[in-house]
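To find a chain, count down the sequence lines: A is the first, B the second, and so on, and within it residues start at 1. As the structure is a prediction and not an experimental result, all values here were calculated from the model.
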Number of protein chains: 2
Amino acid sequence: MEENENLKLENQICFPLYSVSRLITRAYKPYLDTMGLTYPQYLVLLVLWEKDEQTVNQIGKKLLLNTNTLSPLIQRMQKNGLLLRTRSSEDERTVKVNLTRKGLDYKEQARNIPKDLLGKLLNEDVQVTDVMLLKKTLDSWIEILNNEKEMNINSEK
Amino acid sequence: MEENENLKLENQICFPLYSVSRLITRAYKPYLDTMGLTYPQYLVLLVLWEKDEQTVNQIGKKLLLNTNTLSPLIQRMQKNGLLLRTRSSEDERTVKVNLTRKGLDYKEQARNIPKDLLGKLLNEDVQVTDVMLLKKTLDSWIEILNNEKEMNINSEK
DNA sequence: TGCGATTATGTCGTGCACGATGCAAATGTA
DNA sequence: TACATTTGCATCGTGCACGACATAATCGCA
């Protein structure tokens with residue numbers, strides 16, 4: 001391969017990932033604006049809709065976010081009346097996060113967002129099978145890249 | 001499909017995109033730290049390595065970033081001695097961005113990053129053909145989502 | 001030619017991400 | 001039981017993203 005080809009923007013795999021991620025967040029915006037949510041806040045709700053009353057840490061593990069990102073984010077969500085934070089009595093270090101009625105009710109309103117969005121992302125070039133394959137690749141990469149991070153932490157000991 | 005399945009985190013396509021994008025930026029970090037670059041700054045260099053002396057707008061069109069993101073970013077890069085900004089004499093509104101010697105020299109140092117990284121992302125589950133298919137899907141989505149944005153702008157007129 | 005619309009860049013405010021660091025509670029162990 | 005270590009949460013500083021808005025230069029057209 002010609003030596004410069006590696007560095008051409010059009011040959012990058014990371015750049016389209018970065019761009020699509022941002023563009024999709026943008027595509028979510030009109031839906032989420034009606035509820036006063038940001039995309040990361042919506043992700044926190046997804047986690048809590050599946051199982052209410054989780055600690056900051058548990059939510060972070062599922063979203064692959066650290067507490068220095070999550071803590072302020074969850075505090076903003078509390079300020080907006082979406083959830084409640086209560087320090088656990090069994091383990092005073094942990095903070096349990098519970099949905100409020102408002103946070104719970106938004107589940108109904110959010111139900112059709114993913115399907116709507118997926119509809120926009122399908123065309124003659126991109127079929128459902130392509131999306132499933134893409135998801136499989138991404139999930140595998142999450143596995144690889146997230147484990148690598150943990151390996152680095154452990155190797156520093 | 002059961003009504004709640006849509007909202008399960010594991011069934012989302014957008015969440016893995018968002019996570020992988022962040023994890024890959026993180027994977028770039030050790031390489032870029034040696035040059036004192038961030039990932040978006042590295043993207044600007046990629047654009048300028050292909051063709052030096054471009055306006056802020058031209059760079060933004062290629063990276064799908066607006067000037068309110070790019071201007072401060074490019075200013076920081078100038079402060080770090082990677083490039084120069086000069087207001088054009090033909091059109092006083094535009095700012096031409098040129099690489100410095102330092103910014104140009106980093107090209108050599110960056111050459112093997114993408115190949116290195118791609119190596120980590122391949123395994124028995126993810127082959128090169130999967131990555132090519134993934135890129136094709138992402139490029140198609142960039143087309144769709146970016147055009148949609150422009151359509152919204154035009155329809156507001 | 002005059003003047004309203006458009007264009008290119010930039011500032012400001014808000015909300016992530018995330019590395020570095022702090023602190024208190026819980027845990028492990030000599 | 002002391003005390004070092006780990007764990008969970010949080011704050012702080014920096015750098016994106018991006019909507020809203022400002023400003024000056026250019027363009028379009030009556």
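In this pair, Y18(A) and Y39(B) present their aromatic rings perpendicular. The plane angle is above 60°, beyond the 30 to 60° band. Using bins of under 30°, 30° to 60° and over 60° for the plane-to-plane angle, the ring pair Y42(A)/W49(A) lands in the perpendicular bin.
When the P atom of dC18(D) is taken as reference, atom CG of L63(B) falls 12 Å away, rounded to whole Å. Atom-to-atom, CG of D91(B) to C1' of dA24(D) comes out at 11 Å; the value is rounded to the nearest Å. Rounding to whole angstrom units, CG of residue L145(B) and P of dC18(D) are separated by 12 Å. What separates CD1 of I24(A) from P of dC18(D) is a distance of 13 Å, to the nearest Å. Between the P atom of dA8(C) and the CD1 atom of I74(B) lies a distance of 14 Å, rounded to the nearest Å. In this structure, L32(A) places its CG atom 15 Å from C1' of dC18(D), rounding to the nearest Å.
Among residue pairs with one or both ends in residues 37-52 of chain B, none qualify as salt bridge (Lys or Arg N to Asp or Glu O under 4.0 Å); sequence neighbours excluded.
A chain of hydrophobic side-chain contacts below 4.5 Å, direct or via other Ile, Leu, Val, Met, Phe, Trp or Tyr residues, connects V126(B) to M132(B).
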Under 3.5 Å, which donor-acceptor pairs link side chains of residues 134-142 of chain A to any protein atom two or more places apart or in another chain?
unit_1: K135(A); atom_1: NZ; unit_2: D139(A); atom_2: OD2; d: 2.9
unit_1: K135(A); atom_1: NZ; unit_2: E10(B); atom_2: O; d: 2.9
unit_1: K136(A); atom_1: NZ; unit_2: D125(B); atom_2: O; d: 3.3
unit_1: T137(A); atom_1: OG1; unit_2: L133(A); atom_2: O; d: 3.2
unit_1: W141(A); atom_1: NE1; unit_2: L121(B); atom_2: O; d: 2.7

Per-nucleotide protein contact string for nucleotides 9-17 of chain D (B base, S sugar-phosphate only, - none; heavy atom under 4.0 Å): BBB---SSB
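Between R101(B) and D105(B) a salt bridge is recorded (basic side-chain N to carboxylate O distance below 4.0 Å).
Using a 4.0 Å heavy-atom cutoff across all strands shown, K61(A) reaches no nucleic acid atom at all.
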